[in-house]
**Student:** 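Okay, handing you the structure first.
Chain A is the first sequence line, chain B the second, and so forth, proteins listed ahead of strands; every chain is numbered from 1. All values reported here derive from a predicted model rather than from experimental measurement.
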Amino acid sequence: MPELPEVEVTRRQVVPLLVGRRIAAVHTTRPSYFFVTPPATLKRRLTGRVTTAVARHGKYLLAALDDGARVLLHLGMTGQLYGSGVSSVRLLSSTAGATLSPEEQESAPGPDRHTHLRLAFDDGGRDLLFRDTRKFGKVAWLAPGASDPRLDKLGPDALGVDGALLWTASRRRTAPVKTLLLDQGVLAGVGNIYADEALFGAHVRPTRSARRLTRAECDLVAVEIRRVLLRSIETGGSSISDYVRPDGSDGGYQDERQAYARTGERCLRCAEGVIARRVIGGRSSHYCPRCQH
DNA sequence: AGACTAACCTGAAAGC
DNA sequence: TGCTTTCAGGTTAGTC
């Protein structure tokens, strides 16, 4: 679920649930490496606080608190952040402003053994739930004025990427261009789906050594990264491998995919190539051998 | 520094 | 049917 577009969609959904509301209680699971800040500390620091804003950088969310501290959140591979009573699947696949039917509200995954953080508020309204099956997600409390090494080493947000950045970063790299795009220290926010989609859009094969890119190709890849990410945000992000809703209407970026997880299918652009799959840097990669060079 | 691998976890799906 | 293997949208620590 979580690359830049999904995190941004989540951010927008979470803002009204969090901003301006006073935290009355904090419920957690037992200590695990999900908690960069131990649960007990988290409870002490968050109880009584009001969130003033929720920002995003790459795949990280940053909630600013009224005492100057911040909370850093990462969804990892399976993290979901949503309000109690509303299905997160519905949230991620719906377009902004869509209303929820009673059945959909009832389908909300309530707190369970994978709900590692739950915030209750003093207005008695909906709780904020953070579920994460695989626990690759992270939550950290940052003292006022303090940063975090995870944040410090991120490159610029991928929505602001330009050809010059990719050109500079690619010059000394012999590794595949796909690996470059996934390096959060170069640009923050692109993950496996959107790396494949952007490279497809730019006609660049993901296996190509980064340093073999021309300047013009860097410009094109940058344009495609921005286009693909913005379009995905517009459509509510991707929910591949999530179930299809009973009523059939799902929307979402997974329907606009050209390459990712289309192994063996006909290329939608040239209509002759067949989408190939290869492992690059430990991640499965998808491309058209005929029109990506 | 850059490039690879393994590891962190859980669950669904495919393979036998 | 049931057991085993493979795979998954991410990041980090360790090695060469």
Side-chain angles (χ1 to χ4, degrees), chain A residues 1-10 29-36 56-61 72-81 88-89 91-93 109 112-116 130-140 148-155 158 168-199 206-211 225 228-229 232-233 235-244 252-257 259-264 277-286:
Chain A
M1 178 191 68
E3 295 183 42
L4 186 151
E6 293 75 30
V7 176
E8 176 59 22
V9 170
T10 297
T29 48
R30 304 200 57 83
S32 67
Y33 83 15
F34 173 88
F35 294 101
V36 175
R56 180 193 58 74
H57 186 46
K59 303 172 193 173
Y60 285 91
L61 289 176
L72 183 65
L73 303 162
H74 194 289
L75 299 178
M77 203 81 124
T78 52
Q80 305 172 290
L81 207 50
S88 61
V89 173
L91 285 178
L92 285 176
S93 61
D112 60 15
R113 69 196 185 91
H114 298 304
T115 306
H116 299 108
F130 190 167
R131 287 185 81 248
D132 184 6
T133 308
R134 291 174 73 181
K135 288 189 282 197
F136 288 172
K138 292 273 180 292
V139 54
D148 183 282
R150 299 158 212 276
L151 277 179
D152 294 340
K153 65 183 186 187
L154 293 179
T168 303
S170 64
R171 290 311 80 195
R172 296 172 64 193
R173 300 222 177 195
T174 60
V177 58
K178 166 82 178 263
T179 304
L180 179 79
L181 299 190
L182 292 179
D183 187 340
Q184 304 298 298
V186 173
L187 71 165
V190 173
N192 210 27
I193 296 178
Y194 301 105
D196 281 2
E197 293 300 307
L199 289 170
T207 53
R208 178 123 62 96
S209 171
R211 71 169 164 192
I225 288 172
V228 161
L229 295 179
S232 183
I233 292 170
T235 58
S238 302
S239 49
I240 295 166
S241 89
D242 272 9
Y243 67 85
V244 180
Y253 195 77
Q254 66 275 10
D255 297 334
E256 303 197 12
R257 272 176 305 126
Y260 182 82
R262 293 195 69 250
T263 311
R277 174 185 181 279
R278 280 196 53 182
V279 175
I280 303 172
R283 316 297 301 281
S284 68
S285 306
H286 316 75

**Student:** How does each nucleotide of nucleotides 11-16 of chain C score, in 5' to 3' order, for protein heavy atoms under 4.0 Å: base (B), sugar-phosphate only (S), or none (-)?
**Tutor:** SS----
**Student:** Return the set of residues passing side-chain contact (heavy atoms from CB on, under 4.5 Å) with A:E8 (not counting sequence neighbours), or none when no residue passes.
**Tutor:** A:R11, A:R12, A:R56, A:I233
**Student:** The criterion is side chain to side chain donor-acceptor pair (under 3.5 Å); which residues satisfy it with A:T29, sequence neighbours excluded?
**Tutor:** none
**Student:** Can you run through DNA chain C from 5' to 3' and write each base as (, ), [, ], | or . depending on how it pairs? Watson-Crick or G-U wobble, both distances under 3.5 Å.
**Tutor:** .|||||||.|||||||
**Student:** Applying side chain to side chain donor-acceptor pair (under 3.5 Å), name anything that partners A:H116, two or more places apart in sequence or on another chain.
**Tutor:** none
**Student:** Side-chain N or O of A:K135 less than 4.0 angstrom from OP1 or OP2 on B:dT10?
**Tutor:** yes
**Student:** Can you tell me if A:T133 uses its side chain to pair, donor with acceptor, with the backbone of A:R131 under 3.5 Å?
**Tutor:** no
**Student:** Test of understanding: with ring-ring contact (aromatic ring centres under 6.0 Å, His included), list the residues that count as partners of A:F35, not counting sequence neighbours.
**Tutor:** none
**Student:** What residues form a side chain to side chain donor-acceptor pair (under 3.5 Å) with A:R262, not counting sequence neighbours?
**Tutor:** A:E265
**Student:** Please tell me which of A:A169 and A:Y33 maps to the more 5' nucleotide of DNA chain B, matching each residue to the nucleotide holding its nearest heavy atom.
**Tutor:** A:A169
**Student:** If the condition is ring-ring contact (aromatic ring centres under 6.0 Å, His included), which residues does A:Y194 pass it with, not counting sequence neighbours?
**Tutor:** A:Y253
**Student:** Polar pairs (N or O, both sides) under 3.5 Å between protein and nucleotides 3-7 of chain B?
**Tutor:**
{"unit_1": "B:dA3", "atom_1": "OP1", "unit_2": "A:T174", "atom_2": "N", "d": "2.6"}
{"unit_1": "B:dA3", "atom_1": "OP1", "unit_2": "A:T174", "atom_2": "OG1", "d": "2.9"}
{"unit_1": "B:dA3", "atom_1": "OP1", "unit_2": "A:A175", "atom_2": "N", "d": "2.6"}

**Student:** Tell me every residue that passes ring-ring contact (aromatic ring centres under 6.0 Å, His included) with A:Y60, counting only those two or more places apart in sequence or in another chain.
**Tutor:** A:H74
**Student:** Which residues pass the side-chain contact (heavy atoms from CB on, under 4.5 Å) test with A:A169, sequence neighbours left out?
**Tutor:** A:L180, A:V186
**Student:** Does the protein touch nucleotides 11-16 of chain B at the base, only the backbone, or not at all? Give it as B, S and - per nucleotide, heavy atoms under 4.0 Å.
**Tutor:** S-----
